[in-house]
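For reference, the structure is listed below as structure tokens.
Order of the sequence lines sets the chain letters (A, B, ...), proteins ahead of strands, with each chain counted from 1. A quick note: this is a predicted structure, and the numbers were derived from the prediction, not measured.
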2 protein chains.
Amino acid sequence: MTTMSNRYQADPAKNRPTMRHVAALAGVGIKTVSRVMNDEPGVSEATRRRVLDASQQLNYQLDMAAGSLRRTGRQTLSIGLLLPSVANPFSSEIHRALEDALAARGIAVFAASLDDDPEREKALVAAFLGRRVDGLVLTPIARSQSYVIPEHSRDLPMVFIDREPVGIDADAVVTDNAVGAARAAAHFLAHGHTKIAFLGDRTDIQTARERRRGFIEELGRAGLATSTVPVRDGLHDEESARLAALELLTAEDPPTAIFSSQNLVTFGAMRALKELALSKRVALIGFDDFTLADMMEPAVTVIAQHPERIGRLAAERLLARIDGDKQPARTYVVPSELIQRGSGEIRPQS
Amino acid sequence: MTTMSNRYQADPAKNRPTMRHVAALAGVGIKTVSRVMNDEPGVSEATRRRVLDASQQLNYQLDMAAGSLRRTGRQTLSIGLLLPSVANPFSSEIHRALEDALAARGIAVFAASLDDDPEREKALVAAFLGRRVDGLVLTPIARSQSYVIPEHSRDLPMVFIDREPVGIDADAVVTDNAVGAARAAAHFLAHGHTKIAFLGDRTDIQTARERRRGFIEELGRAGLATSTVPVRDGLHDEESARLAALELLTAEDPPTAIFSSQNLVTFGAMRALKELALSKRVALIGFDDFTLADMMEPAVTVIAQHPERIGRLAAERLLARIDGDKQPARTYVVPSELIQRGSGEIRPQS
DNA sequence: CGATGTTGTGACAACGATGTCTAATCGTTA
DNA sequence: TAACGATTAGACATCGTTGTCACAACATCG
């Protein structure tokens with residue numbers, strides 16, 4: 001053996017350098033490197049330079065995981081986000097707004113899709129907890145969220161979005177589903193409709209139930225016999241909605257206006273109306289806005305939600321909790337908005 | 001003092017339990033707990049039970065970060081994904097496909113949006129590296145990706161999507177942009193068009209250049225004087241595209257067919273056509289499919305990309321690299337597909 | 001001039017887990 | 001019954017970093 005290979009010499013080709021490598025190269029102690037990397041005071045400018053030079057030369061980068069292991073508070077600067085699907089436009093807008101609000105604090109976002117699977121919800125929560133996220137933002141799917149009570153009582157910041165959790169008292173940010181749906185009902189009534197149908201999503205989904213309740217109650221307040229309102233529930237995709245709409249529209253004494261409680265259902269209703277050439281004769285209002293709604297023939301009136309506001313508010317609440325806010329849990333309601341575009345303003349035809 | 005408080009006694013209310021707490025409660029050594037939690041052999045069934053019981057009682061959960069710190073290989077089971085925007089439908093479908101392919105291996109995905117900002121690209125890559133992700137999937141924005149060469153040569157798995165990287169030799173998964181655009185050109189030619197306009201995105205984007213090249217070259221092959229083809233570049237949003245289309249369509253000797261190289265541009269073109277009541281007289285093909293394209297009047301013919309295939313393939317390549325695949329870097333091309341819906345089949349009007 | 005800060009720095013333990021190694025226990029076998 | 005391998009379990013060092021503390025060097029004060 002001729003040369004003793006220094007144990008802390010960086011092999012630039014493969015091994016990732018650590019603080020020791022930087023310290024050795026700069027000729028300082030490892031704690032000094034730590035101080036420089038974390039912008040802590042108490043390092044002379046000369047030393048600082050040397051450390052910075054060394055770390056650049058080695059292309060060194062701080063290991064956050066190792067750091068947060070030791071650091072008091074143990075923050076990882078990452079949070080977990082659980083959505084119905086990251087590919088769902090409503091969800092991904094929330095995701096985007098959250099990301100923007102959290103990026104300012106250097107917080108990274110783990111995102112995952114639930115696909116309506118309660119087991120997956122639990123598994124993903126566990127996976128994120130194992131990675132020691134600083135907080136969780138989730139759309140609840142499972143029948144109850146009580147399984148996170150242990151974590152929640154350990155002060156894990158948690159904000160539910162779109163739907164309120166069951167079996168646990170935690171913050172939530174939701175759309176005013178009932179109010180929005182009622183607004184649609186009132187709109188139809190104001191335009192002279194009395195035969196109004198409701199096309200709804202699966203009733204095990206809280207938002208779907210709320211929208212139905214708000215809609216029907218408003219009709220009731222106006223004096224309509226709510227028991228005679230044609231209601232089709234359990235529609236979870238375009239095709240089932242299309243068939244349900246076709247059935248309603250071809251029955252005897254068909255409705256003159258249709259409210260659809262969700263995007264895919266709206267699309268299905270639109271297809272049915274188009275097939276029957278009724279698009280310009282039967283009124284339609286959909287819950288949730290969508291791209292190109294204004295380019296349809298006729299343009300589609302909707303109750304628009306504000307995903308960007310939901311996301312921003314959820315981020316704010318989460319950050320507040322992370323910063324130690326101990327307020328009692330609350331549900332925050334983001335108002336929806338009726339956007340008139342034409343389809344909702346069609347009057348009943350004689 | 002009456003009672004000595006055990007240092008490792010869990011305060012279930014606040015402190016997260018560690019292996020020591022579990023070990024103490026189960027009356028075993030900490031390494032035994034580790035063995036049980038990791039399903040390692042060499043633990044008797046009786047001990048196993050005791051440990052499992054204790055860990056359930058304390059609601060213990062393994063700390064992956066601490067584990068991977070010591071573990072050989074140091075995998076964190078998380079990867080970083082950089083997209084133009086998580087709210088962009090094309091991007092979020094890729095995201096979803098990636099997630100599905102990686103979830104099977106228990107890999108979590110950090111997702112972030114770039115917003116066409118090269119600085120953000122570098123910052124986010126650094127942020128993910130600091131979290132020691134096992135790999136990176138990214139849409140390159142910056143003029144060059146050479147800044148990741150140090151990491152790449154340390155064998156950090158990396159796959160570029162949608163666009164090929166510049167200044168570094170790494171895997172990429174892209175759409176056959178030129179071929180797809182050429183297919184649109186051929187389609188127009190086959191339907192008798194000779195006055196064909198091109199509406200393009202910013203030319204600093206590789207995919208935009210490729211689409212233009214493919215389109216123009218195909219027209220050239222058919223004998224058209226390519227220098228006379230009306231080309232409008234630099235369109236990055238709906239409004240600029242709408243204005244460009246209006247200008248083209250109201251000029252002297254207007255085109256009888258329009259190709260738009262991107263979704264927002266397609267929307268802008270659709271609006272212009274509608275305003276001029278030319279939707280059914282001027283042919284239109286858009287690059288990239290979109291929701292409700294088949295519900296438009298007329299339905300819109302598109303060159304569809306396959307984001308789900310791009311995502312799946314990117315995940316496959318990333319996993320292969322993570323598993324040690326040392327093949328030379330390659331670019332994988334996912335074919336696009338022409339979907340005829342009506343707008344692209346309109347023949348030139350006399 | 002000695003006592004007293006003030007700075008700058010590094011040694012050391014610790015964070016929560018795993019890799020290595022050694023030891024105790026047990027059942028088998030010669 | 002002594003010797004042996006197989007099985008089970010724990011002690012200890014370690015991963016890369018930060019918190020704590022001690023200490024040297026130097027400036028400041030009565």
Side-chain angles (χ1 to χ4, degrees), chain A residues 7-8 10 15-52 54-55 58-77 129-134 154, chain B residues 7-8 10 15-52 54-55 58-77 129-134 154:
Chain A
R7 186 172 164 210
Y8 292 134
N15 291 321
R16 198 183 285 282
T18 74
M19 275 195 178
R20 276 132 115 127
H21 299 112
V22 178
L25 182 59
V28 301
I30 156 177
K31 183 65 221 257
T32 299
V33 178
S34 169
R35 274 192 270 259
V36 173
M37 301 313 289
N38 292 287
D39 275 317
E40 281 173 39
V43 182
S44 71
E45 193 47 36
T47 316
R48 209 183 129 66
R49 279 244 80 76
R50 284 224 311 287
V51 171
L52 250 28
S55 91
L58 297 179
N59 223 277
Y60 169 74
Q61 202 179 17
L62 200 58
D63 184 325
M64 281 190 50
S68 73
L69 184 61
R70 186 66 174 87
R71 185 179 261 122
T72 35
R74 258 181 112 343
Q75 300 214 339
T76 55
L77 290 185
L129 291 176
R131 286 173 178 81
R132 293 297 184 265
V133 292
D134 297 338
R154 268 176 208 139
Chain B
R7 186 175 164 210
Y8 292 133
N15 290 322
R16 197 185 285 281
T18 72
M19 274 196 178
R20 274 131 112 133
H21 298 111
V22 178
L25 182 60
V28 301
I30 157 179
K31 183 63 220 260
T32 299
V33 178
S34 168
R35 275 192 270 259
V36 173
M37 302 312 290
N38 291 287
D39 277 318
E40 281 174 38
V43 182
S44 71
E45 194 47 37
T47 316
R48 211 182 127 68
R49 278 244 80 77
R50 286 224 310 289
V51 171
L52 251 26
S55 91
L58 297 178
N59 223 277
Y60 169 74
Q61 203 181 18
L62 200 59
D63 185 326
M64 281 191 50
S68 73
L69 186 60
R70 185 67 173 86
R71 200 191 297 275
T72 35
R74 253 179 117 345
Q75 300 214 341
T76 55
L77 290 185
L129 291 177
R131 286 173 178 82
R132 295 294 184 267
V133 292
D134 296 339
R154 268 177 207 136

For a quick check of understanding: with a heavy-atom distance under 4.0 Å over all strands, which category does B:T72 fall into, base, sugar-phosphate or nothing? sugar-phosphate
Would you confirm whether A:R35, through its side chain, and A:E40, through its main-chain N or O, come within 3.5 Å as a donor-acceptor pair? no
Take B:K31 and B:L69, find for each the nucleotide of DNA chain C with the closest heavy atom, and name the residue whose nucleotide sits nearer the 5' end. B:L69
State the CE-CG distance between B:M19 and B:L62, to the nearest 0.5 angstrom. 5.0 Å
Rounded to the nearest angstrom, tell me the gap between atom NE2 in A:H21 and atom P in D:dG16. 8 Å
Rounding to an integer number of Å, can you tell me how far B:R35 CZ sits from C:dT20 P? 12 Å
Mind calculating the distance between CE (A:M64) and P (D:dT18) to the nearest angstrom? 10 Å
Taking atom P of C:dC15 as reference, at what distance in whole Å does atom CG of B:D63 sit? 13 Å
How close or far is atom P of D:dT17 from atom CE of A:M37, stated in whole angstroms? 9 Å
Mind calculating the distance between CZ (B:R20) and C1' (C:dC15) to the nearest angstrom? 9 Å
Sugar-phosphate only, base, or nothing, as touched by A:G42 at under 4.0 Å among non-hydrogen atoms: base
Could you check whether the side chain of A:R70 and the base of D:dT18 have a donor-acceptor pair of N or O atoms closer than 3.5 Å, going by distance alone? yes
Determine whether A:R154 and B:N59 make a side-chain contact, defined as any pair of heavy atoms from C-beta on separated by less than 4.5 Å. yes
Give the rounded distance in Å between these two atoms: CZ of A:R71 and P of C:dG16. 15 Å
Side chains of A:R131 and A:T76, heavy atoms from C-beta outward: is any pair under 4.5 Å? no
Decide yes or no for B:D39 and B:R48: does some side-chain heavy atom of the first lie under 4.5 Å from some side-chain heavy atom of the second? yes
Should A:S34 be listed as having a side-chain N or O under 4.0 Å from OP1 or OP2 of D:dT18? yes
Report which part of the nucleic acid B:L62 touches: base, sugar-phosphate, or nothing (heavy-atom distance under 4.0 Å, all strands). sugar-phosphate
CZ of B:R48 versus P of D:dA9: gap in Å, rounded? 12 Å
With respect to the side chain of A:Y60, which nucleotide from D:dT14, C:dG19, D:dT17 is positioned closest? D:dT17
Taking only side-chain nitrogens and oxygens of B:T18, does any of them come within less than 4.0 Å of OP1 or OP2 of C:dC15? no
Taking only the side-chain heavy atoms of B:S44 (C-beta and beyond), determine which of C:dA17, D:dA9, D:dG19 contains the nearest atom. D:dA9
Phosphate oxygens OP1/OP2 of C:dG10: is one of them under 4.0 Å from a side-chain N or O of A:T32? yes
